[in-house]
Amino acid sequence: MALTADGQTTDDRDTEAIRGLHEAVARQRAAFLADPSPGLAERLELLQALAGMVVANRLAIQEAMSADFGVHPTIATDLIEILGVAGRAAYAAERLEGWMAAEPRDADPGLFGSARASVRPQPKGVVGNIVPWNFPYDLSLGPLVEMLAAGNRVVLKPSEYTPACAALLRDMIHATFDRDRVDVVVGGLELARAFTQVRWDHLLYTGSPAIGREIAVAAAAQLVPVTLELGGKCPAIVAPDSVDAETVKQILGTKALKNGQMCITVDYCLVPRDQLERFAQLAQERVAEAMPGYGASPDTTGIISMRHLRRVEALVDEARGRGCDVRTLGTAPDSPDPARRQLPLTLVLDPPDDLALMREEVFGPVLPIKAYDKFDDAIGHVNAGERPLALYVFTQDEDIADDVLRRTTSGGACVNCAAAHGALASLPFGGIGQSGSGRHHGIEGFREFSNLRAVFVRGQDDLVEAFSPPYGPAAQAVVDAAFGPA
Ligand code: NAD
């Protein structure tokens, strides 16, 4: 139990935060029962307020990101955490009327006469969102877009690894929304665990597959529907026709975004064995030309904590210890500054599969380049592992790209670039199997956080009575129509 500057113990803080969580849920539940389904105009106002909030707090968001990461490029904060959220809210607002509309469904007039059937999305109610540290606003406020569009009330729980971002998130939300609509609870692991014990109407969790499993178990205990946005190893398959400067630029560019701390980064790539050295040379040239001082540049995001940094270093140390060809790209300080926690881009050529580097998600600026002999071996390698959150294929041949997409399974995919699918508000985002289940973004996100209610409105001239005892001529007529008279 640690003592904090204001004399409280960390446990006291979580006890308070847990009380705050239960109050927030009770307040939102009461509000939901009193007003279960906001109309279009109210939802549009909420989306506008959300977009306005991130834009108005732009500088504070930039500062909080830099404080938590040691170094966080302000342009990346603008592009992803601010414009990404505002753009997603604008996209949802533009389409919301259509998303909310009842969708007519077929009802056989022979059986159901003039009845009308439809799917009417309605809010699920009170929704929880457990957020990881790597995109503190994109992953709290991004899904909030579809949660609010669907008419829900929402409690957000940011990560304990991003205290500055969490405090700002709480203050911004409290200043922008009624607390019975959106609230934020901030605390440590005890609060995180308590959050999973709440009987939410829906729970979203974004984070590692290991904790995702615990969340799924806790949610199952109360039959809480859960969306799991998890991680894993996203591969890039480079076809023999595409080992070139453009492919290498795309792969390294994606790895450099957040310095590898992104769920849909290229975790590792698969390259034809006879072009392995060429790929490595092109990577060295790219960094020497475009980002020579990458390891200490203001464009290089810091690793979130020294513990995470040591984990990434240990992956490289193990590879080196096993005799792998490890190449640091560009220049880098001899040891990372603990305040900035930057690590250089590093290649590991053809590491064996039993290394931690090839078993665990890298989540840092290290790129293992695995060699393959036949193209089928590359596909086989991917299919032998867990189904990834994303898969990337680099080729000039559309047939090869289609073949890879047909023979592999992943949550998302890109051809000739990486991670771009995650930037589109129009595309569903999520994983499959160990990389997650369920989707957010766009209409799929709206539906994920809605109860898709099936509504049947009886009309005239139907055979509805045929289905209930006592079975009489109406029921017999239905059966005879199908099988012929007895
Ligand atoms: P993290 O340590 O911030 O944890 C995520 C959240 O889970 C935090 O809010 C934390 O407080 C909470 N948490 C931790 N332990 C818990 C427990 N026992 N019970 C309940 N809640 C708990 O983040 P992380 O897990 O290090 O995030 C990195 C992982 O997230 C990577 O695997 C990455 O690929 C994945 N990720 C996935 C997506 C996606 O959209 N699929 C996006 C970003 C990150």
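Atoms within each ligand, like the ligands themselves, are counted from 1 in listed order.
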For ligand 1, note which part of [X] has a heavy atom under 4.0 Å away: side chain, backbone, both or neither.
| X | answer |
| --- | --- |
| Thr206 | both |
| Ile264 | neither |
| Phe135 | neither |
| Ile215 | side chain |
| Met262 | neither |

Write out the residue and atom name of the closest protein heavy atom to [atom], then the distance separating them to 0.1 Å.
| atom | answer |
| --- | --- |
| atom 41 (N) of ligand 1 | Leu230 O, 2.7 Å |
| atom 16 (C) of ligand 1 | Ile211 CG2, 3.4 Å |
| atom 18 (N) of ligand 1 | Glu214 OE1, 3.1 Å |
| atom 24 (P) of ligand 1 | Trp133 NE1, 3.8 Å |
| atom 10 (C) of ligand 1 | Glu160 OE1, 3.4 Å |
| atom 32 (O) of ligand 1 | Glu361 OE1, 2.7 Å |
| atom 40 (O) of ligand 1 | Phe429 CE2, 3.1 Å |

Under 3.5 Å: N/O of [X] near N/O of ligand 1:
| X | value |
| --- | --- |
| Leu189 | no |
| Ser208 | yes |
| Leu139 | no |

*Please report the shortest heavy-atom distance between Val316 and Val326, naming the atom on each side.*
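That would be CG1-CG1, 3.7 Å.
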_Exercise: identify the closest heavy-atom pair between Lys258 and Thr301_ =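 Smallest heavy-atom distance, with atoms named: CA-OG1, 3.5 Å.
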*Assert yes or no for the condition that the ring centre distance of Phe32 to Trp200 is strictly below 6.0 Å.*
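For Phe32 and Trp200, the ring centres are not under 6.0 Å apart.
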*Given His381, which of Tyr372, Phe375, Tyr268 fulfils the ring-ring contact (aromatic ring centres under 6.0 Å, His included) condition?*
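Of Tyr372, Phe375, Tyr268, ring-ring contact (aromatic ring centres under 6.0 Å, His included) with His381 is met by Tyr268 alone.
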*Could you pull out, from Ala192, Cys234, Gly212, the option with a heavy atom nearest to atom 21 (N) of ligand 1?*
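Shortest heavy-atom distance from atom 21 (N) of ligand 1: Ala192.
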*Please assess Asp78 against Gln62 for the test side-chain hydrogen bond (donor to acceptor under 3.5 Å, both in side chains), listing each intermediate value before the final yes or no.*
CA-CA 8 Å; Asp78 277 347; Gln62 288 176 353; 2.9 Å; yes
*Would you call Pro368 and Leu355 a side-chain contact if the rule is heavy atoms closer than 4.5 Å?*
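No, their side chains stay 4.5 Å or more apart.
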*Is any side-chain heavy atom of Ile173 less than 4.5 Å from a side-chain heavy atom of Arg179?*
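Not in contact.
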*asked:* Does Glu214 form a side-chain contact (heavy atoms from CB on, under 4.5 Å) with Thr196? I'd like the steps, not just the answer.
replied: CA-CA 9 Å; Glu214 286 184 39; Thr196 66; over 6 Å; no
*Look at the rings of His441 and Phe429 and say which category their plane angle falls in: under 30° parallel, 30 to 60° tilted, over 60° perpendicular.*
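Because their plane-to-plane angle is under 30°, the rings of His441 and Phe429 count as parallel.
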Run the side-chain donor-acceptor check on residues 221-231: report pairs under 3.5 Å with partners two or more places apart or on a different chain.
unit_1, atom_1, unit_2, atom_2, d
Gln222, NE2, Gln197, O, 2.4
Thr227, OG1, His202, NE2, 2.7
Thr227, OG1, Glu448, OE2, 2.5

*Provide the number and element of each atom of ligand 1 under 4.0 Å from a heavy atom of Phe363.*
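Close to Phe363: 28 (C), 31 (C), 33 (C), 34 (O).
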_Taking only non-hydrogen atoms of Tyr205, do any sit less than 4.0 angstrom from ligand 1?_
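Judged by the 4.0 Å heavy-atom criterion, Tyr205 does count as contacting ligand 1.
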Show me the donor-acceptor pairs, under 3.5 Å and distance only, between side chains in residues 415-425 and residues at least two apart or in other chains.
unit_1, atom_1, unit_2, atom_2, d
Asn416, OD1, Thr395, N, 2.9
Asn416, ND2, Thr395, O, 3.0

